[in-house]
Amino acid sequence: MSLKTPITVAYGDGIGPEIMNATLDIIQAAGAQLDIEVIEIGEQVYLKGNAAGIAPEAWSSLERTKVFLKAPITTPQGGGYKSLNVATRKRLGLYANIRPCLSSYPFIKTKHPVLDVVIVRENEEDLYAGIEYRQTRQTTQGLKLISKPGSEKIIRYAFEYAKNNGRKKVTCFMKDNIMKITDGLFHKLYDEIGQEYPEIEKEAWIIDVGSAKLATKPELFDVIVLENLYGDILSDVVAEMSGSIGLGGSANIGDEYAMFEAIHGSAPRRAGQNLANPTGLLLGAVLMLIHIKQHDIASKVHNAWLKTIEDGVHTYDIFREGVSKQKVGTKEFAQAIIERLGQKPSELKALDYHPRDDKKIVSQKSVTSKETKDLVGVDVFIDWTAGSAEDLGQMIDKIKSSDLKLTGITNRGTKVYPDGFAGTFCTDLWRCRFETSKPGDKLKHQSILDLLNQFYDFGFDFVKTENLYNFDGSAGFSQ
Ligand code: NAD
C-alpha cells in the first residue's frame with residue numbers, strides 16, 4: 001500500500017505556476033509524501049466557455065483526493081463568470097477559512113513587531129450566498145444569511161482551533177448594535193459556545209471599534225472569529241500588516257474536503273518574471289501538511305522558511321535596504337529554503353507542529369430547537385413613485401383586512417408613515433408593514449394572500465413580501 005497522500009494540485013494563472021513550482025519543490029525536498037493529480041482551472045477554462053472556471057472532470061479528482069492545493073487564478077474581466085473560489089467552497093462544504101498571520105520582525109519590515117493573529121472566517125454564508133435583487137428602478141438589495149448551524153460550526157471550529165493550537169483567546173467581531181438579528185445570532189452563539197471553553201479567554205467587539213484596535217494594537221489579539229464579509233476584508237488587512245500580502249497562506253476546511261491556497265491573487269503584472277514571493281502558497285501548503293498529518297515535514301518547511309527570512313534572503317516585496325541581505329527571485333528563494341531544510345531559526349521562534357485532537361465539528365444546538373413559531377404579520381414591499389409618503393399611506397390605509405392592520409410604512413428602513421418627517425429622502429422601494437389586528441393573534445397564510453389580492457386590485461406593483469414570525473413569543477423581525 002502506498003504511504004503517499006493523494007492530493008489535487010492546480011497551477012492557476014499569473015504568478016500561480018511559478019509559486020506552485022517553488023512550493024512543490026520545497027515540500028517534496030523536505031520529504032512530503034504526496035501522490036499529485038494535476039487539474040486545470042482558471043482563466044483558460046473560463047475562456048473555453050466554462051462559466052465556473054473548472055472542468056467537470058476536475059471535480060472527480062477532488063472527490064477522489066479530498067485535498068486541494070490551489071494556486072491563485074485570474075477571473076476574466078466582464079460579466080457571466082462565476083467565482084471559482086466561492087463555487088469550490090460551497091460545493092465542497094468548506095465552511096471554515098483559516099488565515100494565520102505572523103510578523104517576522106525585525107527581518108521583515110512591519111509597523112507591528114508583535115503580530116500573531118489567526119483569522120477564522122465563516123466561508124459559505126452571509127452576503128456571499130450571492131442572493132441579490134433589483135426589483136425597482138432605483139434600489140438594489142442583497143440577502144445577508146446567517147444560520148444557526150453555520151454560525152455554530154465556525155464558532156466551535158475557532159474554539160477547537162484555539163484549544164488544539166495552544167491559543168489563549170478567541171475574539172468575536174460583529175455588528176449587532178445595527179444587525180440585531182443576524183449579527184445578534186452570531187454574537188449570542190459565540191457567548192453560549194464560549195462557555196464550553198472556560199480555559200480560553202473571550203472577548204467580543206463591535207467590528208468597527210475592534211478593527212481600529214486590531215490595526216493599532218494587534219498584539220492584543222490571538223484568534224478572531226468572524227462572519228464571511230468581515231473576515232474577507234480583515235484577513236487581507238492583517239496579512240498586509242504582517243509585512244506583505246504575499247506572506248499569507250490559508251486553509252479552507254470542511255467536514256470531508258479541504259483546500260489550501262495563498263491569500264493573494266494571481267498578480268498578473270508580476271507573472272513570468274521570476275519575481276513573486278511564493279510564501280503565501282508555501283505556508284498554505286504547510287497548513288495542508290498538518291491537515292494530512294505530515295506534521296514533521298510541515299515543521300521542517302516552516303522552520304527552513306523562517307531561517308531563510310532571518311538570513312535576509314528576500315523577494316522584492318519584502319526586500320528592504322539595511323535589513324535584507326540578498327534580493328532573490330522566486331526560484332532562488334525556493335532554493336535558499338531547500339538549502340536550509342533541517343535548520344531552525346535562531347532569533348525567530350521555531351515551530352513544532354504536533355498531531356492534534358481533530359474532531360469533526362457538529363452543530364448541536366440547532367437540531368434540538370423546539371421553539372414555537374407563529375405567523376403574526378407581513379411586510380409588503382412595493383415599487384411606487386407617484387407621490388409623497390403621506391399620499392402612499394392614505395392609499396394603503398384603504399386596504400382593509402379583518403386580520404391585519406397597517407402599522408407603518410418605511411423607506412430605506414426609516415419610518416415615513418404615519419407621523420413621518422416631510423424631509424426624509426425616499427426612494428422607490430416602500431415597506432408596508434401589516435400586523436395582526438389583535439396582538440397575540442396568530443395568522444393563517446390565507447390572510448396574506450387575501451391582503452395581496454387587495455394590493456393587486458388597487459394596482460400596486462408588490463415586488464416582494466417578508467412574513468413576520470414570533471419565536472417563543474419574541475419578534476423574529478426588526479422593529
Ligand atoms: P493580487 O493579490 O493578485 O495583487 C495585489 C498586489 O499584491 C499586487 O501589487 C501584486 O503585485 C502584489 N502581490 C500579490 N501576490 C504577490 C506575491 N506572491 N509576491 C509579490 N507580490 C504579490 O490582487 P489583484 O491584483 O486585485 O487581483 C489579480 C487577479 O487575481 C484578479 O483576476 C483577481 O480576480 C484574482 N484573485 C484571485 C484570488 C484567488 O484565486 N484566490 C484571490 C484574489 C484575487
Side-chain angles (χ1 to χ4, degrees), residues 9-23 26 39-47 51-54 58 68-90 92 94 97-99 101 108-109 119 121 123 128 228-229 231-252 258-285 287-288 305 308-309 313-320 324 327-334 337:
V9 163
Y11 281 77
D13 301 312
I15 58 170
E18 294 163 79
I19 59 173
M20 182 58 85
N21 278 323
T23 297
I26 296 164
I39 59 168
E40 206 196 328
I41 56 164
E43 198 171 21
Q44 291 314 313
V45 183
Y46 280 116
L47 296 176
I54 177 165
F68 188 15
L69 182 63
K70 173 186 160 292
I73 59 148
T74 303
T75 311
Q77 299 285 321
Y81 300 111
K82 286 191 213 145
S83 162
L84 173 64
N85 284 337
V86 174
T88 311
R89 287 170 193 162
K90 286 192 180 168
L92 303 182
L94 309 178
N97 186 241
I98 318 304
R99 297 181 166 193
C101 300
I108 295 179
K109 194 178 167 200
I119 303 274
R121 161 190 169 195
N123 224 6
Y128 288 61
N228 205 342
L229 176 64
D232 190 2
I233 298 168
L234 268 194
S235 55
D236 274 25
V237 173
V238 181
E240 188 71 50
M241 281 165 63
S242 75
S244 161
I245 184 128
L247 297 174
S250 99
N252 297 268
M259 172 170 87
F260 303 87
E261 58 183 346
I263 289 181
H264 60 76
S266 59
R269 284 191 309 124
R270 309 286 180 198
Q273 298 160 61
N274 191 36
L275 279 174
N277 187 345
T279 298
L281 188 60
L282 181 68
L283 297 183
L287 297 172
M288 177 189 79
W305 177 82
T308 308
I309 293 300
V313 183
H314 294 170
T315 44
Y316 84 94
D317 57 317
I318 52 172
F319 186 88
R320 294 286 179 281
S324 309
K327 191 193 258 181
V328 291
T330 315
K331 283 186 193 151
E332 296 73 25
F333 186 67
I337 298 173

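Along the sequence shown, the residues carry numbers beginning at 1. Indexing begins at 1, ligand by ligand and atom by atom, following the structure's order. Everything numeric here is computed off the predicted structure, so don't read it as measured data.
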Undergrad: Under a 4.0 Å N-O cut-off, is there an ion pair linking Arg89 with Glu261?
TA: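 Looking at Glu261 together with Arg89, the answer is yes, because their closest N to O distance falls below 4.0 Å.
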Undergrad: Enumerate the atoms of ligand 1 whose separation from the nearest heavy atom of Pro268 is less than 4.0 angstrom.
TA: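 Going through ligand 1 atom by atom, the ones under 4.0 Å from Pro268 are 28 (C).
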Undergrad: Under 4.0 Å from ligand 1, counting heavy atoms only, is it the side chain of Asn85, its backbone, both or neither?
TA: side chain
Undergrad: Answer side chain, backbone, both or neither: which part of Arg270 comes under 4.0 Å from ligand 1, heavy atoms only.
TA: side chain
Undergrad: Out of Ile73, Thr74, Ile15, who is nearest to atom 35 (C) of ligand 1 when you count heavy atoms only?
TA: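 When every heavy atom of Ile73, Thr74, Ile15 is considered, Ile73 comes closest to atom 35 (C) of ligand 1.
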Undergrad: Please could you name the atoms of ligand 1 that Asn277 approaches to less than 4.0 Å, counting only its heavy atoms?
TA: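 That gives atoms 17 (C), 18 (N), 19 (N), 20 (C) of ligand 1.
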Undergrad: Could you name the option among Gly14, Ser83, Gly265 that has the heavy atom nearest to atom 36 (N) of ligand 1?
TA: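 Selected option, by shortest heavy-atom distance: Gly265.
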Undergrad: Return the option from Ser266, Gly42, Ala267, Pro76 holding the heavy atom at the smallest distance from atom 30 (O) of ligand 1.
TA: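 Nearest option to atom 30 (O) of ligand 1, by heavy atoms: Ser266.
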Undergrad: Could you tell me, atom by atom, which parts of ligand 1 come under 4.0 Å of a heavy atom of Glu261?
TA: 41 (N)
Undergrad: Taking 4.0 angstrom as the limit and counting only heavy atoms of Tyr316, give me the atoms of ligand 1 inside it, by number and element.
TA: 11 (O), 20 (C), 21 (N), 22 (C)
Undergrad: Could you tell me the residue and atom name of the protein heavy atom closest to atom 34 (O) of ligand 1, and the distance to it rounded to 0.1 Å?
TA: Thr75 OG1, 3.7 Å
Undergrad: With sequence neighbours excluded, tell me which residues meet ring-ring contact (aromatic ring centres under 6.0 Å, His included) with Tyr46.
TA: Tyr81
Undergrad: Decide whether Asn85 and Ser83 meet the rule of one side-chain donor and one side-chain acceptor closer than 3.5 Å.
TA: no
Undergrad: Go through Asp236 and Ile245 one step at a time and tell me if the side-chain contact (heavy atoms from CB on, under 4.5 Å) criterion holds.
TA: CA-CA 7 Å; Asp236 274 25; Ile245 184 128; 3.7 Å; yes
Undergrad: Check ligand 1 against Ile245 and write out every atom of the ligand that is under 4.0 Å from a heavy-atom position of the residue.
TA: 7 (O)
Undergrad: Nearest protein heavy atom to atom 9 (O) of ligand 1, by residue and atom, and its distance?
TA: Arg269 NH2, 4.2 Å
